[in-house]
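Heads up, the thing below is written out as structure tokens.
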Protein chains: 2
Amino acid sequence: MSTPERLIEATRELLWDRGYVGTSPKAIQQRAGAGQGSMYHHFSGKPALARAAIVRTTEELRATAEAALGGTDTGSGTGTEVGAGSGTASASAYDRIAAYLVREREVLRGCPVGRLTMDPDIMADETLRAPVDETLDWLRGRLAGIVQEGLERGEFPAALDPAEIASTVVATVQGGYVLARASGSPAAFDAGVRGLLALLAPARDDPNSPRS
Amino acid sequence: MSTPERLIEATRELLWDRGYVGTSPKAIQQRAGAGQGSMYHHFSGKPALARAAIVRTTEELRATAEAALGGTDTGSGTGTEVGAGSGTASASAYDRIAAYLVREREVLRGCPVGRLTMDPDIMADETLRAPVDETLDWLRGRLAGIVQEGLERGEFPAALDPAEIASTVVATVQGGYVLARASGSPAAFDAGVRGLLALLAPARDDPNSPRS
DNA sequence: GTCTATAGAACGATAGAC
DNA sequence: GTCTATCGTTCTATAGAC
């Protein structure tokens with residue numbers, strides 16, 4: 001791996017674990033196995049390196065999310081699939097959202113993108129903040145589109161607002177990281193996700209009809 | 001206000017805005033209007049001051065949350081109250097959760113407690129981490145109890161798990177802060193909360209019955 | 001209790017040899 | 001491209017006068 005490449009990867013790891021303020025050029029160099037001069041030859045400084053790292057991390061998040069949300073069924077259904085069952089029909093909205101929610105994550109490390117929003121130095125620098133904002137915005141839009149499809153298929157109550165539900169889904173994930181880190185266990189993340197899935201569950205024809 | 005008092009308050013503000021790593025003793029002293037020697041006379045160092053600040057902030061969060069969740073109706077109902085309407089009956093579970101969710105917040109500053117979970121130095125120090133963990137744990141338990149009451153009153157579908165829903169509620173709030181900060185607007189927080197309230201809404205006898 | 005002085009280390013970056 | 005040397009600043013804390 002080339003030196004700039006190693007520097008970017010080292011920065012990504014440190015940004016994830018320690019944030020921008022907690023990441024020093026020295027630590028980056030050590031982790032990347034590169035010297036001072038080498039780092040400053042390839043990058044103008046800490047902000048430039050951080051930008052490269054953040055852009056790559058946000059691109060990766062988009063790709064990972066899209067893989068779960070894409071709807072090209074990976075074969076392992078949840079058992080609550082909806083639809084007419086034609087050969088290559090895309091998975092239900094619920095299933096695609098569920099696939100996104102339960103995908104494998106390094107829960108205790110937190111979200112490599114969401115974490116950055118708590119860093120004042122990142123939020124203050126437009127070039128660092130923009131990729132974060134755009135990525136979470138894209139994710140909400142992507143989810144809103146899927147909820148909209150679900151609404152059209154009658155999967156969800158018509159009263160739901162796609163953009164709002166999308167925000168709730170992303171917020172539950174981001175907040176799940178917080179709960180997991182606080183408690184030191186991924187269980188809290190999982191609980192939040194299961195609660196959300198229960199609320200979203202298409203199986204609304206519940207034997208226990210609510211509200212008298 | 002006494003000097004120790006001012007130091008604690010200054011630390012609380014800085015911890016909220018810049019986190020533990022981003023908060024220097026010097027910055028605390030300047031904000032508190034206290035000198036170096038003064039600070040080290042009253043506190044053994046940055047960790048001790050941070051502990052005092054964190055304990056106070058978590059206590060404050062509990063009190064604020066309890067005020068909304070307490071159920072002693074503040075008079076401004078949401079219009080969806082449930083119950084037999086006896087004189088001093090406590091508000092519905094939905095209303096109490098809604099009151100907690102929509103309470104006034106400095107959304108763009110993030111959660112003064114949840115933010116701390118992203119600070120590796122705080123998570124590594126048991127004396128700093130404990131109050132954060134205990135507070136979020138208390139909040140989840142408190143909410144779970146209210147959901148349980150709602151279940152017993154038939155406000156929610158019986159399939160819901162109180163602890164899971166409680167985690168979802170707290171996660172939505174914590175994640176809402178992330179979305180708001182990323183986008184630079186409280187709107188994303190509000191959207192997530194409205195989505196969650198729509199999913200929790202007791203008005204489940206929806207004209208549009210889902211899932212065919 | 002509060003002040004100033006001082007300390008060793010780390011921070012973020014630059015200079016210039018190779 | 002990579003190295004070592006150096007720089008001015010900030011960090012966190014201690015010492016000791018007042």
Side-chain angles (χ1 to χ4, degrees), chain A residues 1-56 115-116 118-129, chain B residues 1-56 115-116 118-129:
Chain A
M1 218 208 274
S2 71
T3 298
E5 211 48 39
R6 290 201 318 277
L7 285 165
I8 292 175
E9 288 304 315
T11 306
R12 295 218 298 150
E13 298 290 311
L14 287 165
L15 242 35
W16 193 353
D17 291 332
R18 306 201 37 86
Y20 185 81
V21 199
T23 297
S24 69
K26 188 179 189 179
I28 294 171
Q29 293 149 24
Q30 287 176 339
R31 192 180 261 259
Q36 212 102 281
S38 194
M39 185 191 117
Y40 284 102
H41 172 75
H42 294 290
F43 298 92
S44 63
K46 183 175 163 180
L49 238 179
R51 170 149 176 83
I54 290 171
V55 165
R56 181 168 301 179
R115 193 217 187 294
L116 305 171
M118 293 304 149
D119 227 309
D121 290 7
I122 286 184
M123 299 321 277
D125 183 332
E126 256 331 294
T127 79
L128 297 180
R129 175 211 186 111
Chain B
M1 222 206 285
S2 71
T3 298
E5 211 49 39
R6 290 202 317 278
L7 284 165
I8 292 175
E9 288 304 313
T11 305
R12 295 218 297 151
E13 298 289 311
L14 287 165
L15 242 34
W16 193 354
D17 290 334
R18 305 202 38 86
Y20 185 81
V21 200
T23 297
S24 69
K26 187 179 190 178
I28 293 171
Q29 293 149 24
Q30 287 174 339
R31 190 180 263 257
Q36 214 102 284
S38 194
M39 184 191 119
Y40 283 102
H41 172 75
H42 294 289
F43 298 92
S44 63
K46 182 175 163 180
L49 237 179
R51 169 148 175 84
I54 289 170
V55 165
R56 180 168 301 180
R115 194 217 188 292
L116 304 171
M118 293 304 149
D119 227 308
D121 290 6
I122 285 185
M123 294 290 101
D125 182 333
E126 257 330 296
T127 80
L128 298 180
R129 176 211 186 112

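Reminder, nothing fancy here: chain letters follow the sequence lines and each chain counts from 1.
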Verify side-chain contact (heavy atoms from CB on, under 4.5 Å) between A:I54 and A:R51, making sure each step is shown before the conclusion.
CA-CA 5 Å; A:I54 290 171; A:R51 170 149 176 83; 5.8 Å; no

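Side chain of B:R6 to main chain of B:M1: a donor-acceptor pair is present (N/O by atom type, distance under 3.5 Å, no hydrogens or angles).
In terms of the side chain to side chain contact (heavy atoms under 4.5 Å, CB included) criterion, residue partners of A:R129 (sequence neighbours excluded) are, by chain and number, A:M123, A:E126. Looking at residues two or more places apart in sequence or on another chain, you find a side chain to side chain contact (heavy atoms under 4.5 Å, CB included) between B:R31 and B:A10, B:E13, B:L14. Residues satisfying the side chain to side chain contact (heavy atoms under 4.5 Å, CB included) test with B:D17, not counting sequence neighbours, are B:R109.
Evaluation of the side-chain hydrogen bond (donor to acceptor under 3.5 Å, both in side chains) test over residues 34-47 of chain B, restricted to residues two or more places apart or in two chains, returns B:Q29-B:Q36.
On the nucleic acid side, DNA chain C has its first and last nucleotide under 4.0 Å of a heavy atom of chain B at C:dG1 to C:dT4, going 5' to 3'.
Once rounded to the nearest 0.5 Å, the distance linking CG of A:D119 with CG of B:D119 reads 9.0 Å.
Only B:T23, B:S24, B:P25, B:K26, B:Q36, listed by number, bring a heavy atom of residues 23-38 of chain B to less than 4.0 angstrom from any atom of DNA chain D.
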